[in-house]
Amino acid sequence: MNKIVFYGSGNISQAILSGLISSGYDKNLIEFVDRNKINTQRAKKLGAKKITLGRIDSKSIIFLGVKPKDAIKAFDEICSVIKKPKIVSLVAGIKSNKYLSMYKDVELIRAMPNTSSRYNKGITAIYNCNASKTTFNRVSIIFKKVGTTIDITKENKIDDFTGLIGSGPAYFFYLLKVYEKRILKLCDGDRSKKETIICNLLEGVSYSINDNSNLDELIASVASKKGTTEAGLKSFKSSKLSQNFEKGIAAAIKRAKDISVEF
Ligand SMILES: NC(=O)c1ccc[n+]([C@@H]2O[C@H](COP(=O)([O-])OP(=O)(O)OC[C@H]3O[C@@H](n4cnc5c(N)ncnc54)[C@H](OP(=O)(O)O)[C@@H]3O)[C@@H](O)[C@H]2O)c1
């Protein structure tokens, strides 16, 4: 197994880190560099070892997990110290040519994971910018330990994955907030009951899709003519819920494209 370094150990790095450790990845091979106290504590608690930039082994695979505004500086820090680093950028928006115009002697891969990696249910799009086949395969194996991977051959597709998959969990959390409020009332404020109901509901949805991938058929299996579900769905349609959801996703994809111009 390869040594892994998370350069920036925040939300997404912690999700991957947790998934890797629960998949049996050797904790001793997972290191991180971070300046933030809270994230440092969290990453340490998960089992990773804090190191400094100067202690990174040049053979390590370095996951760049900082916000877009910090990415260029962080990339510069890594490349100015490590000879021919192997870097996997988890950063939204910033394109490979931006990085490679600063340093050529680097093996670069872009990846777009999501926070479900924490539960080994992640979805990660991977694009090989200029890394060797061996490095790419190693990175692919790492992401496969925390979920499923999709290899991308055109870099601009990463933006679509960012808006759909990277941001994806948050859309469903957002929609669930409406549901949560109602369920909580139904359970007289019992939070643990509310959690069980929501989790069972979502697990049921997931199993149903596993059984039958046709969403219209699944809807029809719940909705009956002139019934309650049909009334709810009709109201969703008249308030253009689908179109608005689509618009939200499009806005996220556009933002991913804009980031590349901004930084
Ligand atoms: N969160 C997601 O679900 C998700 C999904 C897919 C992709 N991504 C991408 O992953 C990247 C990270 O997102 P995140 O949500 O994990 O961010 P985050 O929680 O803010 O974590 C970034 C961490 O990196 C630290 N950092 C920044 N620059 C540093 C430097 N030069 N040296 C050492 N530490 C440094 C930050 O410290 P400070 O707090 O002090 O700045 C922070 O602790 C983003 O570019 C995002 O586009 C995120």
Side-chain angles (χ1 to χ4, degrees), residues 4-20 31-46 48-56 60 62-82 85 87-96 98-99 102-103 108-119 121-127 139 142-143 146-150 152 155 157-174 249 251-263:
I4 291 174
V5 179
F6 289 97
Y7 203 89
S9 65
N11 297 306
I12 196 64
S13 297
Q14 285 167 32
I16 299 168
L17 177 51
S18 302
L20 282 175
E31 300 172 330
F32 71 95
V33 175
D34 205 306
R35 61 188 181 195
N36 177 299
K37 265 192 190 165
I38 295 171
N39 284 332
T40 295
Q41 275 171 6
R42 288 181 180 155
K44 272 188 183 166
K45 211 170 158 197
L46 290 170
K49 182 182 170 196
K50 181 167 184 170
I51 57 164
T52 54
L53 170 61
R55 306 285 301 181
I56 297 178
S60 303
I62 305 168
F63 288 82
L64 185 61
V66 303
K67 294 279 190 213
K69 69 173 175 61
D70 297 317
I72 297 301
K73 186 169 169 283
F75 181 79
D76 186 34
E77 285 164 8
I78 297 167
C79 295
S80 60
V81 169
I82 298 159
I87 300 180
V88 181
S89 169
L90 308 175
V91 180
I94 301 180
K95 292 206 178 77
S96 58
K98 177 94 187 190
Y99 297 117
M102 295 166 63
Y103 290 93
L108 184 67
I109 288 168
R110 282 189 67 195
M112 188 43 61
N114 68 1
T115 48
S116 307
S117 303
R118 185 180 293 273
Y119 314 104
K121 294 284 178 200
I123 310 158
T124 307
I126 322 179
Y127 172 72
V139 169
I142 292 169
F143 280 118
V146 298
T148 187
T149 61
I150 299 162
I152 282 180
E155 186 170 6
K157 278 222 164 164
I158 288 257
D159 294 333
D160 299 64
F161 273 87
T162 307
L164 275 167
I165 312 289
S167 309
Y171 304 148
F172 292 97
F173 299 144
Y174 183 80
I249 294 169
I253 294 171
K254 180 181 179 301
R255 178 65 193 137
K257 294 188 192 309
D258 290 348
I259 286 175
S260 67
V261 182
E262 208 170 299
F263 300 103

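Residues take their numbers from the sequence shown, with the count starting at 1. For ligands, and for the atoms within them, numbers begin at 1 and follow the listed sequence. Side-chain atoms are counted along with the backbone in the values below, which use heavy atoms only and exclude waters and symmetry mates.
Annotation for ligand 1: atoms under 4.0 Å from non-hydrogen atoms of Asn39 are 42 (C), 43 (O). Residue Tyr7 has at least one heavy-atom neighbour below 4.0 Å for each of these atoms of ligand 1: 32 (N). The contact set between ligand 1 and Ala92, taken as ligand atoms under 4.0 Å from a residue heavy atom, comprises 45 (O), 47 (O).
Rounding to the nearest 0.5 Å places CG of Asn11 at 12.0 Å from CG of Leu90. Between Ile109 atom CD1 and Ile126 atom CD1 the span is 7.5 Å, to the nearest 0.5 Å.
In this structure the side chain of Lys50 never reaches within 4.5 angstrom of the side chain of Arg55, judged on heavy atoms.
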Leu20 vs Ile16, test: side chain to side chain contact (heavy atoms under 4.5 Å, CB included). Steps then yes/no.
CA-CA 6 Å; Leu20 282 175; Ile16 299 168; 4.0 Å; yes

Do Asp70 and Arg35 pass the salt bridge (charged side-chain N to carboxylate O under 4.0 Å, His left out) test, and can you show the C-alpha distance, the side-chain angles, and the key distance before you say yes or no?
CA-CA 12 Å; Asp70 297 317; Arg35 61 188 181 195; 3.3 Å; yes

One pair to check against side chain to side chain contact (heavy atoms under 4.5 Å, CB included): Phe63 and Ile142. What are the steps and the verdict?
CA-CA 11 Å; Phe63 288 82; Ile142 292 169; 4.0 Å; yes

Does Gln14 form a side chain to side chain contact (heavy atoms under 4.5 Å, CB included) with Leu46? I'd like the steps, not just the answer.
CA-CA 8 Å; Gln14 285 167 32; Leu46 290 170; 3.9 Å; yes

Checking Asp76 against Met102 for the side chain to side chain contact (heavy atoms under 4.5 Å, CB included) test, could you report, in this order, the C-alpha distance in whole Å, the side-chain angles of both residues, the deciding distance, and whether it holds?
CA-CA 8 Å; Asp76 186 34; Met102 295 166 63; 3.8 Å; yes

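Given atom 40 (O) of ligand 1, the protein heavy atom at minimum distance is Arg35 NE, 3.1 Å. Looking only at protein heavy atoms, the nearest one to atom 21 (O) of ligand 1 is Gly10 CA, 3.2 Å. Closest to atom 22 (C) of ligand 1, if we only count protein heavy atoms, is Gly65 O, 3.3 Å. Nearest protein heavy-atom neighbour of atom 14 (P) of ligand 1: Lys67 NZ, 3.8 Å. Nearest non-hydrogen protein atom to atom 31 (N) of ligand 1 is Glu77 OE1, 3.1 Å. For atom 8 (N) of ligand 1, the nearest non-hydrogen atom of the protein is Leu90 O, 3.6 Å. From the protein, the heavy atom lying nearest to atom 3 (O) of ligand 1 is Thr115 CG2, 3.4 Å. Of the protein's non-hydrogen atoms, Pro113 O, 3.2 Å is the one closest to atom 6 (C) of ligand 1.
An N or O contact shorter than 3.5 Å links Asn11 to ligand 1 by distance. In terms of polar-atom proximity, defined here as any N/O pair under 3.5 Å, Asn114 makes no such contact with ligand 1. Geometrically, ligand 1 and Asn36 share a nitrogen or oxygen pair separated by less than 3.5 Å. Any N or O atom pair closer than 3.5 Å counts here, and Gly8 shares no such pair with ligand 1.
When heavy-atom distances to ligand 1 are checked against a 4.0 Å cut-off, Lys73 has no atom that comes that close, whether in backbone or side chain. With a 4.0 Å cut-off on non-hydrogen atoms, Met112 touches ligand 1 through its side chain and not its backbone. Contacts of Ile12 with ligand 1, taken as heavy-atom pairs under 4.0 Å, involve both backbone and side chain. Counting heavy atoms closer than 4.0 Å to ligand 1, residue Val91 contributes atoms from both its backbone and its side chain.
The side-chain contact (heavy atoms from CB on, under 4.5 Å) test with Ser9 is passed by exactly one of Asp34, Leu17, Val66: Asp34. Across Arg255, Lys257, Lys69, a single residue satisfies salt bridge (Lys or Arg N to Asp or Glu O under 4.0 Å) together with Glu262, and that is Arg255.
Ring geometry for Tyr99 against Phe75 counts as tilted: the plane angle lies between 30° and 60°, on a 0 to 90° scale.
If you check each of Ile16, Asp34, Val66 against atom 11 (C) of ligand 1, the one with the closest non-hydrogen atom is Val66.
Ion pairing of Arg110 with Glu155 is present here, as a side-chain N (NZ or NE/NH1/NH2) and a carboxylate O approach within less than 4.0 Å.
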